[in-house]
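Notes follow the structure.
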Amino acid sequence: MAFYSRVSGSVGVITLQNPPVNALSAAVRQGIVDTMHRALSEPEVKSVVICGQNGKFCGGADIREFGANMRGPPLVPMIHLIEAAEKPVVAAIEGVALGGGLELALGCHYRIAHSKARLGLPEVTLGLLPGAGGTQRLPRLIGVPAALELITTGRHATAAEALQLGIVDEVTDHSAVDAAVKFAQSVAGKSLDARRISTYPRPRSPDLAEIFEKAMKEVRRSARGAIAPVTCVQAVHASVTLPYAKGMERERELFSTLFTSGQAHALQYYFFAQRAVSRWSTPSGARWDTSKPRPVHKAAVIGLGTMGRGISVSLAQAGLSVVAVETQEKQLLEAKQAVSGMLERSAKRRGVPLADDKIKYNCSVQAVADADLVIEAVFEDMALKKTIFQQLSGICKPGTLLCTNTSGLDIDELASQTQSPELVVGMHFFAPAHVMKLLEVVYGPRSSPEALATAMEMGKKMGKVSVAVGNCRGFVGNRMLKPYLEQAFFLLEEGATPEQVDQVLEEFGFAMGVFKVSDLSGLDVGWKVRKADGLVVPGSTGKSARIRGGSRYSPLGDLLCEQGRFGQKTGRGWYQYDKPGGRVAKPDPWLHGFLEEYRARHGLVARRIDHQEMLERCLYALINEGFQILQDGIAAGPEDIDVIYVLGYGWPRHRGGPMFYAGLVGLDKVLERLEHYHQVYPDVLGLKPCSLIRKLAASSSPPIHRWREFIQKPRSQL
Ligand code: 3HC
Ligand code: NAI
């Protein structure tokens with residue numbers, strides 16, 4: 001709702017009240033309309049201020065109402081009522097003015113912002129466009145290029161930038177409401193003719209055609225199939241070709257198309273999923289709201305390779321004191337230089353103070369003795385990691401949380417090397433660790449709720465989205481990757497090329513196809529793991545070469561590694577590169593010849609595989625594993641899996657995540673296709689539909705938010 005008061009005798013103050021972000025719910029819209037009428041009818045009131053309760057102006061339309069029938073006064077006439085008022089209306093922007101919130105402010109005659117406020121039109125990130133006049137008013141106010149940039153990216157601008165662009169009239173370090181009241185008094189009675197943005201002329205400039213062409217090209221390139229950015233450009237285009245009222249009609253038409261699209265549903269689901277994962281729970285009943293994190297002031301990182309460096313940077317930027325350890329002097333020096341460079345670049349980019357002095361480097365593991373939390377990031381080698389955990393258990397002060405950045409090794413086996421296994425958890429970062437937003441926090445059967453809560457909180461402090469997952473081989477993300485990769489290899493055996501498989505996945509919306517990602521990460525990483533698992537059998541021939549443990553196996557990745565083709569780092573992998581470290585993937589005739597020769601050797605007849613089969617086999621095998629993970633209680637809900645896949649594995653956000661996508665396709669359809677492929681390839685375990693998807697499909701495929709009801713709670717000792 002909205003609360004009305006009168007200040008200094010002549011200023012009517014309307015305060016939006018809908019915690020936590022004063023979203024424009026039906027009640028708030030009704031409140032604004034009612035209080036505006038009241039302010040306009042009171043003769044003593046000469047001007048009006050609109051502000052939000054608790055230091056937040058407005059977070060936009062109430063997204064939770066999107067699924068329901070529209071109630072209350074619509075936003076557009078409400079904003080027109082404000083703009084048409086004969087008394088000056090001033091927006092006092094504190095905290096945020098986003099989406100409909102900024103559109104409301106643009107309907108006011110003046111805008112005063114607090115210096116820490118953030119303003120933007122982030123509708124595009126929800127699969128929408130600003131649908132309350134934002135696409136028509138903003139270009140009229142600040143010009144087409146700046147408006148296009150803000151609307152198609154959805155990014156938040158600082159108050160200083162908003163002032164420079166002309167979105168706000170004044171910025172204050174003190175109370176924006178007080179400043180707005182003062183301002184409102186000063187403009188009372190003045191003409192408002194030049195203050196109504198909808199009356200401003202259409203933006204004109206000789207290079208507009210070129211600007212739109214460039215913007216359209218850019219959004220089509222970066223949108224990866226998302227329709228909202230493209231539609232945003234079309235809506236802004238209407239602001240230069242149509243008069244305001246017609247432009248608004250066009251905005252409404254385009255908004256309606258997006259509003260009912262699957263992409264908008266997926267993006268809005270994802271918005272809530274990303275927030276839901278912080279309310280973690282485990283099968284044993286440990287929960288976010290009953291488990292208190294321990295305070296962490298000093299952290300340590302052991303092993304300063306690719307991951308340890310990024311983790312140290314993230315910790316230092318979160319304000320912690322860090323001890324960084326490498327046992328070899330030369331590696332330590334190299335790491336120190338690299339970390340300093342990373343910190344410097346990051347400080348410049350983010351405009352924050354340099355955090356270099358937060359990190360102390362040391363060659364001895366003894367230096368971590370007084371840390372509150374240690375993150376181990378040495379080679380992926382169980383024997384080495386075990387030795388380090390034994391050492392840490394003896395060195396660290398009682399109560400220190402011991403974490404590992406392993407990509408998939410058994411957390412419990414590491415915990416069993418220590419005197420306090422309840423203090424051991426996995427903190428699985430993604431490369432580059434100071435950039436990637438995702439953190440899988442892995443609890444073992446003996447990890448305490450307090451240890452889990454501390455690692456989750458630590459991730460948040462580092463600016464990550466932390467997702468709590470159970471302990472199993474590969475955890476959630478890498479475990480699901482295995483059957484996906486496996487299918488991609490099988491497709492090559494059956495006649496596809498890496499380029500064909502990658503093209504299908506990129507058209508679906510992945511930033512990179514599976515083979516390009518494999519070249520980027522290094523083929524040797526998986527090879528080492530497979531070797532340690534006894535899966536790599538050099539020189540094996542005949543049928544046994546493609547069978548492991550009774551299931552189909554493709555040795556293609558192993559054979560490439562045996563040739564020294566490790567991907568980008570060696571200049572050759574599934575593709576060829578102009579030099580080692582090169583980044584532009586080119587099809588490699590050698591590889592095509594190698595595949596032909598391989599197929600001939602194994603009696604495989606190449607066939608033409610269509611787009612649909614490639615996509616279904618890769619994605620449905622991955623999704624099937626996701627259902628198995630839910631059934632095993634490794635992820636608490638489908639939202640956890642979807643957030644991991646979007647943030648860590650390049651799954652297109654506008655498709656919600658693999659589990660949401662399965663629901664969208666239809667669980668019975670996914671099940672039917674899995675059954676079909678499993679019949680054709682009975683020796684591929686990953687294609688055998690898991691019992692949870694069967695159960696859900698048999699129960700008329702309930703919506704995704706009800707899936708948890710169908711998961712039997714596995715027992716855990718946590
Ligand atoms: N509607 C409904 N709920 C919202 C909301 C909104 N617009 N914005 C935030 N919330 C909820 C969140 O779901 C969360 O709920 P929870 O506590 O139950 O999980 C709570 O408010 C707090 O949100 P955050 O955890 O995200 O809090 P932060 O302080 O980190 O961030 C924020 C605040 C920057 C406002 C962020 O929430 C945000 O980006 N919100 C969405 C803003 C947005 O996209 N607005 C456009 C809406 S569409 C629109 O306006 C259409 C119009 O053009 C017609
Ligand atoms: P890396 O090979 O780049 O670095 C490992 C570092 O550990 C080296 O600098 C090495 O000198 C150091 N080291 C080895 N023994 C040590 C000891 N006893 N004491 C101190 N330092 C020691 O490896 P990377 O890629 O950083 O991986 C580290 C861990 O992170 C592995 O467990 C890996 O599985 C995991 N991981 C890796 C990801 C990646 O993309 N590289 C992603 C997520 C997790």
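Values in this document were obtained by computation on a predicted structure and should not be read as measured data. Counting starts at 1 for both ligands and their atoms, in listed order.
- Heavy atoms of other residues, nucleotides or ligands lying less than 6.0 angstrom from NZ of Lys569 number more than 12.
- In terms of polar-atom proximity, Arg118 is not counted as a contact of ligand 1, lacking any N or O under 3.5 Å from an N or O of the ligand.
- Every atom of ligand 1 with a heavy atom of Ala23 under 4.0 Å away is listed here by number and element: 1 (N), 6 (C).
- For ligand 1, none of its N or O atoms has an N or O atom of Gly60 under 3.5 Å away.
- In terms of N/O distances under 3.5 Å, ligand 2 is not approached by Glu376.
- Closest to atom 49 (C) of ligand 1 among all protein heavy atoms lies Ala61 CB, 3.4 Å.
- Of all the heavy atoms of Thr387, none lies under 4.0 Å from any atom of ligand 2, so neither backbone nor side chain is involved.
- Of the protein's heavy atoms, at least one falls inside 4.0 Å of atom 8 (N) of ligand 1.
- Using a 4.0 Å cut-off between charged side-chain N and carboxylate O, Glu413 and Lys386 make a salt bridge.
- Less than 4.0 angstrom separates some heavy atom of Gly99 from each of these atoms of ligand 1: 46 (C), 50 (O).
- Within the 4.0 Å heavy-atom shell around ligand 2 one finds Lys385.
- Distance check, rounded to the nearest 0.5 Å: CD of Gln53 to CE of Met1 gives 8.0 Å.
- Contact annotation for Phe429 and ligand 2: only backbone heavy atoms (N, CA, C, O) come within less than 4.0 Å of the ligand.
- The protein reaches atom 53 (O) of ligand 1 closely, with a heavy atom under 4.0 angstrom from it.
- Given atom 9 (O) of ligand 2, the protein heavy atom at minimum distance is Glu326 OE2, 2.4 Å.
- Atom numbering of ligand 2 starts at 1 in the shown order; those under 4.0 Å from a heavy atom of Thr406 are 32 (O).
- Between the NZ atom of Lys336 and the CD atom of Glu326 there is a distance of 14.0 Å, given to the nearest 0.5 Å.
- If you check which protein heavy atom lies closest to atom 11 (C) of ligand 1, you get Arg64 NH2, 4.2 Å.
- Looking at atom 33 (C) of ligand 2, its nearest protein heavy atom turns out to be Ser407 OG, 3.5 Å.
- Proximity of Glu103 to ligand 1, defined as any heavy-atom pair under 4.0 Å, is confined to the side chain (atoms from C-beta onward).
- Applying the 4.0 Å criterion to heavy atoms of Pro20 picks out, from ligand 1, the atoms 20 (C), 21 (O), 22 (C).
- Protein non-hydrogen atoms do not reach within 4.0 Å of atom 29 (O) of ligand 1.
- Nearest protein heavy-atom neighbour of atom 30 (O) of ligand 2: Asn405 ND2, 2.9 Å.
- Ring-plane geometry between Phe510 and Trp651 is classed as perpendicular, the angle between the planes exceeding 60 degrees on a 0 to 90 degree scale with a lower cut at 30.
- A ring pair (Phe, Tyr, Trp, His ring centres under 6.0 Å) with Phe66 is found for one member of Phe272, Tyr269, Phe259 and no other, namely Phe259.
- Of all the heavy atoms of His428, the ones lying under 4.0 Å from any atom of ligand 2 belong exclusively to the side chain.
- Of all the atoms in ligand 2, the ones that sit under 4.0 Å from a non-hydrogen atom of Phe379 are 2 (O), 5 (C), 8 (C), 10 (C), 14 (C).
- What sits closest to atom 4 (O) of ligand 2 on the protein, heavy atoms only, is Gly305 CA, 3.2 Å.
- Counting atoms of ligand 1 from 1 in the listed order, those under 4.0 Å from a heavy atom of Pro130 are 53 (O).
- In terms of protein heavy-atom proximity, atom 2 (C) of ligand 1 is nearest to Asp62 OD1, 3.2 Å.
- A cation-pi geometry, defined here as NZ or CZ lying under 6.0 Å from the six-membered ring centre and within 45° of its normal, does not hold between Arg479 and Phe475.
- Close contacts of ligand 1 with Leu98, meaning ligand atoms under 4.0 Å from a residue heavy atom, involve 34 (C), 35 (C).
- Considering backbone and side-chain N/O of Ile302, none are found under 3.5 Å from N/O of ligand 2.
- Of all the heavy atoms of Ile388, the ones lying under 4.0 Å from any atom of ligand 2 belong exclusively to the side chain.
- For atom 3 (O) of ligand 2, the closest non-hydrogen atom of the protein is Thr306 N, 3.0 Å.
- In summary, the atoms of ligand 2 found under 4.0 Å from a heavy atom of Gly303, numbered by their order in the structure, are 7 (O), 12 (C), 20 (C), 21 (N).
- Short contacts between ligand 2 and Ala431, defined as distances under 4.0 Å to a heavy atom of the residue, involve ligand atoms 40 (O).
- Across every non-hydrogen atom of Leu128 and Cys232, the tightest pair is O-SG, 3.9 Å.
- For atom 23 (O) of ligand 2, the nearest protein heavy atom is 4.0 Å or more away.
- With respect to atom 16 (C) of ligand 2, the closest heavy atom belonging to the protein is Val378 CG1, 3.5 Å.
- Near Gly131, with a cut-off below 4.0 Å to any heavy atom, the atoms of ligand 1 are 53 (O), 54 (C).
- Annotation for ligand 1: atoms under 4.0 Å from non-hydrogen atoms of Ile63 are 1 (N), 2 (C), 6 (C), 7 (N).
- Nearest residue to atom 26 (O) of ligand 1 from Arg275, Arg279, His156, Glu123 is Arg275 (criterion: closest heavy atom).
- Residue Pro122 has no nitrogen or oxygen atom sitting less than 3.5 Å from a nitrogen or oxygen atom of ligand 1, judged on distance alone.
- Each of the atoms 13 (O) of ligand 1 lies under 4.0 Å from some heavy atom of Phe272.
- Given atom 15 (N) of ligand 2, the protein heavy atom at minimum distance is Leu384 CD2, 3.7 Å.
- Heavy atoms of Leu126 found under 4.0 angstrom from ligand 1 belong exclusively to the side chain.
- Among all non-hydrogen protein atoms, the one lying nearest atom 39 (C) of ligand 2 is Met307 SD, 3.6 Å.
- Here's the thing with Glu380: one of its N/O atoms is less than 3.5 angstrom from an N/O atom of ligand 2.
- Looking at residues two or more places apart in sequence or on another chain, you find a side chain to side chain contact (heavy atoms under 4.5 Å, CB included) between Val96 and Leu98, Arg118.
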